[in-house]
Protein chains: 2
Amino acid sequence: MKLDDAAARLEALGNPTRLKIYRTLVRAGAEGLPVGRLQAKLDAAASTLSHHLKALVVVGLVTQTREGTTLVCHANYDVMRELLGYMVEECCAEGSCAPVVLPKVA
Amino acid sequence: MKLDDAAARLEALGNPTRLKIYRTLVRAGAEGLPVGRLQAKLDAAASTLSHHLKALVVVGLVTQTREGTTLVCHANYDVMRELLGYMVEECCAEGSCAPVVLPKVA
DNA sequence: ATAGTATTTCTAATATTCTAGAAATACCGT
DNA sequence: ACGGTATTTCTAGAATATTAGAAATACTAT
């Protein structure tokens with residue numbers, strides 16, 4: 001991942017509402033959560049939520065799949081993993097800041 | 001760490017210039033880097049750099065120690081570690097997004 | 001005290017973000 | 001085709017961020 005991509009993703013997560021959205025989607029697990037359900041949980045205006053969701057989708061942290069009339073949102077773990085990998089590799093000194101370790105994934 | 005603190009730190013890192021600053025400080029290692037040296041490396045106006053550095057200092061990601069007339073900047077690994085810990089715990093699903101593992105630090 | 005280097009604060013212009021109402025679009029069931 | 005629910009896009013106002021020049025401050029050496 002390039003620095004600019006990492007920055008864009010960090011910026012996407014760097015807003016309390018969007019971080020709440022992402023965390024909520026992670027907790028929703030594999031089945032995801034419809035936009036409407038997110039809206040109810042976070043108590044935000046529909047247009048505001050849509051705006052923030054788009055910011056997360058654009059950088060790849062969230063994906064959406066349509067199921068009839070509802071749009072189901074999913075946290076994209078692959079992108080989050082890449083982002084964390086970037087941070088550990090580029091923004092941590094070995095030993096100093098690495099209680100977070102990347103094991104070799106087979 | 002609370003969600004709002006995490007968001008503030010992610011936002012601080014979510015700007016290409018500031019992410020570059022932070023990464024450069026990490027690479028500078030324990031001795032840190034004077035503001036002036038950072039300025040030369042990143043080729044930014046002094047006032048702009050100072051502004052961005054302040055954003056990183058305010059959220060605790062960077063610390064500064066004065067050495068005579070120069071201010072030396074250091075990446076604060078503790079805060080980065082906390083931030084990564086937050087992301088792994090709150091924003092990852094076990095198994096799905098956890099190539100990043102938190103080992104117990106003795 | 002003065003001069004010189006390092007850095008910040010002040011200021012202002014431009015750009016971007018955030019918020020949410022209103023209107024538009026997407027999809028389904030009948 | 002129509003009505004209803006779900007969601008987005010349009011729009012606009014207020015707030016915040018970004019940039020950098022100019023002035024101010026901090027410190028050291030003489």
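So that the names make sense, note that chain A is the first sequence line, chain B the second, and so on, each numbered from 1. In this text the structure is predicted, and so the values were computed from the model without any measurement.
The structure places OH of B:Y86 at 3.5 Å from CG of B:L3, a figure rounded to the nearest 0.5 Å. If you take CG on A:D5 and CG on A:L83, they are separated by 10.0 Å, rounding to the nearest 0.5 Å. Here the straight-line distance linking atom OH of A:Y77 with atom CG of A:L61 works out to 12.0 Å at 0.5 Å rounding. Note: B:Y22 OH to B:L56 CG = 9.0 Å, rounded to the nearest 0.5 Å.
Under the side-chain hydrogen bond (donor to acceptor under 3.5 Å, both in side chains) criterion, A:E90 pairs with B:R23, B:R27, sequence neighbours left out. With sequence neighbours left out, the side chain to side chain contact (heavy atoms under 4.5 Å, CB included) criterion links A:T63 to A:H74, A:N76. In this structure, A:H51 has no side-chain hydrogen bond (donor to acceptor under 3.5 Å, both in side chains) partners at least two apart in sequence or on a different chain.
Using a 4.0 Å cut-off, no side-chain N or O of A:Q64 falls inside it from OP1 or OP2 of D:dT7. For C:dA6, the OP1/OP2 oxygens have no side-chain nitrogen or oxygen of B:Q39 closer than 4.0 Å. OP1 or OP2 of C:dC18 sits under 4.0 Å from a side-chain N or O of A:N15.
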Measure all distances between protein nitrogen or oxygen atoms and nitrogen or oxygen atoms of nucleotides 11-15 of chain D, and list the pairs falling under 3.5 Å.
none

Between the protein and nucleotides 12-14 of chain C, are there any N/O to N/O pairs under 3.5 Å, and if so, what are the atom names and distances?
none

Listing time: all N or O pairs from protein to nucleotides 26-30 of chain C that are below 3.5 Å?
none

Practice prompt. Evaluate the criterion salt bridge (Lys or Arg N to Asp or Glu O under 4.0 Å) for residue pair A:D78 and A:R81; output intermediate values, then yes/no.
Written response: CA-CA 5 Å; A:D78 281 342; A:R81 178 166 39 227; 2.3 Å; yes

Practice prompt. Show your working on side-chain contact (heavy atoms from CB on, under 4.5 Å) between A:M87 and A:C92 and close with a plain yes or no.
Written response: CA-CA 7 Å; A:M87 289 172 82; A:C92 283; 5.9 Å; no

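Residue-level contact check: B:R18 touches the backbone only, with heavy atoms under 4.0 Å from sugar-phosphate atoms and none from bases.
No path of Ile, Leu, Val, Met, Phe, Trp and Tyr side chains, each step under 4.5 Å between heavy atoms, connects A:V72 with A:V79, placing them in separate hydrophobic clusters.
Contacts between residues 6-14 of chain B and DNA chain D, defined by a heavy-atom separation under 4.0 Å, are absent. Contacts of residues 43-54 of chain B with DNA chain D (heavy atom under 4.0 Å): B:A45, B:S47, B:T48, B:H51, B:H52.
For the pair B:L19 and A:C91, the tightest heavy-atom approach, listed with the atom from each and the gap, is CD1-SG, 3.9 Å. Of all the heavy atoms in A:V62 and A:C73, the pair that sits closest is CG1-CB, 4.2 Å.
Evaluation of the salt bridge (Lys or Arg N to Asp or Glu O under 4.0 Å) test over residues 50-74 of chain B, restricted to residues two or more places apart or in two chains, returns none.
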Contacts table for residues 6-15 of chain B: side-chain donor-acceptor under 3.5 angstrom, sequence neighbours left out:
unit_1: B:R9; atom_1: NE; unit_2: B:V59; atom_2: O; d: 2.9
unit_1: B:R9; atom_1: NH2; unit_2: B:V59; atom_2: O; d: 3.3
unit_1: B:N15; atom_1: OD1; unit_2: B:T17; atom_2: N; d: 2.9
unit_1: B:N15; atom_1: OD1; unit_2: B:R18; atom_2: N; d: 3.1

List the atom pairs, donor and acceptor, that lie under 3.5 Å between side-chain atoms in residues 30-50 of chain B and the rest of the protein, sequence neighbours left out.
unit_1: B:Q39; atom_1: NE2; unit_2: B:A44; atom_2: O; d: 3.3

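Spacing between atom CG of B:L56 and atom P of C:dT7 amounts to 16 Å, rounded to whole angstrom units.
In this structure, of D:dT7, C:dC18, D:dT18, it is D:dT7 that holds the atom nearest to the side chain of A:L71.
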